[in-house]
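Convention: sequence-line order gives letters A, B, ...; per-chain numbering from 1.
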Amino acid sequence: MNRILAETYPDAHCELDFRNPLELLVATILSAQCTDKRVNMVTPTLFAKYPAVEDYAAADRSEMEEIIRSTGFFRAKTNSIIGMAQAVCERFGGEVPAKLKDLVTLPGVGRKTANVVLGNAFGVPGLTVDTHFQRLVRRFGWTEETDPVKIEHVVAELLPRREWTIFSHRVIWHGRRICHARRPACGVCPLAALCPAYGTGPTSPEQAAKLVRPGPFS
DNA sequence: ATCCCGAGGG
DNA sequence: CCCTCTGGAT
């Protein structure tokens with residue numbers, strides 16, 4: 001399963017734009033229930049206006065809400081970003097912490113967001129169990145669990161630690177392109193022969209081909 | 001379990 | 001109209 005995904009998505013990587021851990025943390029908070037593409041449309045303006053943690057911590061709420069409005073949940077996300085920044089300044093000396101235990105104490109930062117930052121900004125292997133990941137590993141038949149933490153532990157047992165971050169990206173890319181929540185493109189899926197959920201979506205190649213969403217390296 | 005919330009696809 | 005998009009806090 002992992003081998004085929006690796007061959008299909010040799011260039012899988014984090015698609016959020018960022019230049020440092022703080023920017024990735026902010027971008028990941030914004031990515032909740034929103035496409036990465038949409039996040040990348042607002043972060044250039046956001047990062048220019050708030051270059052440092054101190055700038056977020058002192059930000060005007062309505063000004064920030066205006067910038068991130070199109071990502072949805074904009075009031076909650078503004079509170080999370082400002083609260084996160086204040087906590088980083090007060091409790092971590094202005095540096096984004098590089099430990100899961102510390103990251104999840106920040107407002108608006110859960111286990112999934114923390115693992116994204118660890119894996120992509122700090123080089124610490126982590127499984128990012130998001131909505132795609134949950135759906136896919138269950139369709140693969142790897143687990144029946146619905147609790148993200150349990151799913152994370154099950155998958156951690158099945159893969160070498162060094163594969164955790166890249167595997168998460170491959171799964172997410174596959175979920176975006178082919179294995180959609182609604183009508184997965186089973187007819188053109190490279191995992192079809194191995195997948196217990198084959199048939200969830202259209203199995204004819206012609207029908208399925210119409211459902212494929214082109215990715216950056218399609 | 002429910003709320004937060006906008007944008008795009010079917 | 002409905003559902004879904006790299007969730008987290010209450």
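- Atom-to-atom, CE of A:M41 to C1' of B:dG8 comes out at 11 Å; the value is rounded to the nearest Å.
- Of the candidate nucleotides C:dG7, C:dT4, B:dC5, C:dT4 has the atom lying nearest to any side-chain atom of A:R182.
- Going from atom CZ of A:F18 over to atom P of C:dT6 covers 17 Å, rounded to whole Å.
- Straight-line distance from the CG atom of A:D130 to the P atom of C:dC5: 9 Å, rounded to whole Å.
- When each of A:P107 and A:G175 is assigned the nucleotide of DNA chain C with its nearest heavy atom, A:G175 is the one assigned upstream, toward the 5' end.
- Of the side-chain N and O atoms in A:R176, none sit less than 4.0 angstrom from OP1 or OP2 of C:dC5.
- Distances from the side chain of A:A181 to the nucleotides C:dG7, C:dT6, C:dC5 place C:dC5 closest.
- Within the 4.0 Å cut-off from OP1 or OP2 of C:dT4, not a single side-chain nitrogen or oxygen of A:T35 is found.
- Relative to the six-membered ring of A:Y9, A:R170 misses at least one condition, a distance below 6.0 Å or an angle of at most 45° to the axis.
- In terms of phosphate contacts, A:R38 brings no side-chain nitrogen or oxygen within less than 4.0 Å of OP1 or OP2 of C:dC5.
- For C:dC5, the OP1/OP2 oxygens have a side-chain nitrogen or oxygen of A:R135 closer than 4.0 Å.
- Nearest heavy atoms, A:C186 versus A:A192: O-CB, 4.1 Å.
- Looking at heavy-atom distances under 4.0 Å, A:T131 makes contact with sugar-phosphate atoms alone, never a base.
- Linking ILVMFWY side-chain heavy atoms closer than 4.5 Å, directly or via other members, places A:L25 and A:I67 in a single hydrophobic cluster.
- Backbone-only contact: A:L106 has heavy atoms under 4.0 Å from sugar-phosphate atoms and none from a base.
- Put simply, CG on A:L25 is 15 Å from P on C:dG7, counting in whole angstrom units.
- When each of A:I82, A:I81, A:D55, A:V26 is tested with A:Y50 by the rule side chain to side chain contact (heavy atoms under 4.5 Å, CB included), just one qualifies, namely A:D55.
- Between A:H132 and A:W173, the distance separating the two ring centers is not shorter than 6.0 angstrom.
- In this structure, A:E23 contributes its side chain and A:R19 its backbone to a donor-acceptor pair below 3.5 Å.
- Nucleic acid contact class of A:V39 (heavy atoms, under 4.0 Å, all strands): none.
- Between A:K77 atom NZ and C:dG7 atom C1' the separation is 9 Å, expressed in whole Å.
- Atom-to-atom, CG of A:D36 to C1' of B:dG6 comes out at 16 Å; the value is rounded to the nearest Å.
- For A:H132, whose side chain is taken as the heavy atoms from C-beta onward, the closest listed nucleotide among C:dG8, C:dT4, C:dC5 is C:dC5.
- Annotation: B:dC3 and C:dT6 have their P atoms spaced 24 Å apart (nearest Å).
- Counting non-hydrogen atoms under 4.0 angstrom, A:T28 reaches nothing in the nucleic acid.
- Checking B:dG6, B:dA7, C:dC5 against every side-chain atom of A:F74, the shortest atom distance belongs to B:dG6.
- Rounded to whole Å, the distance from CD1 on A:I68 to P on B:dC5 is 10 Å.
- Nucleotides C:dT10 and B:dC5 have their P atoms positioned 14 Å apart, rounded to a whole Å.
- With rounding to whole Å, A:F73 atom CZ is found 9 Å from C:dG8 atom C1'.
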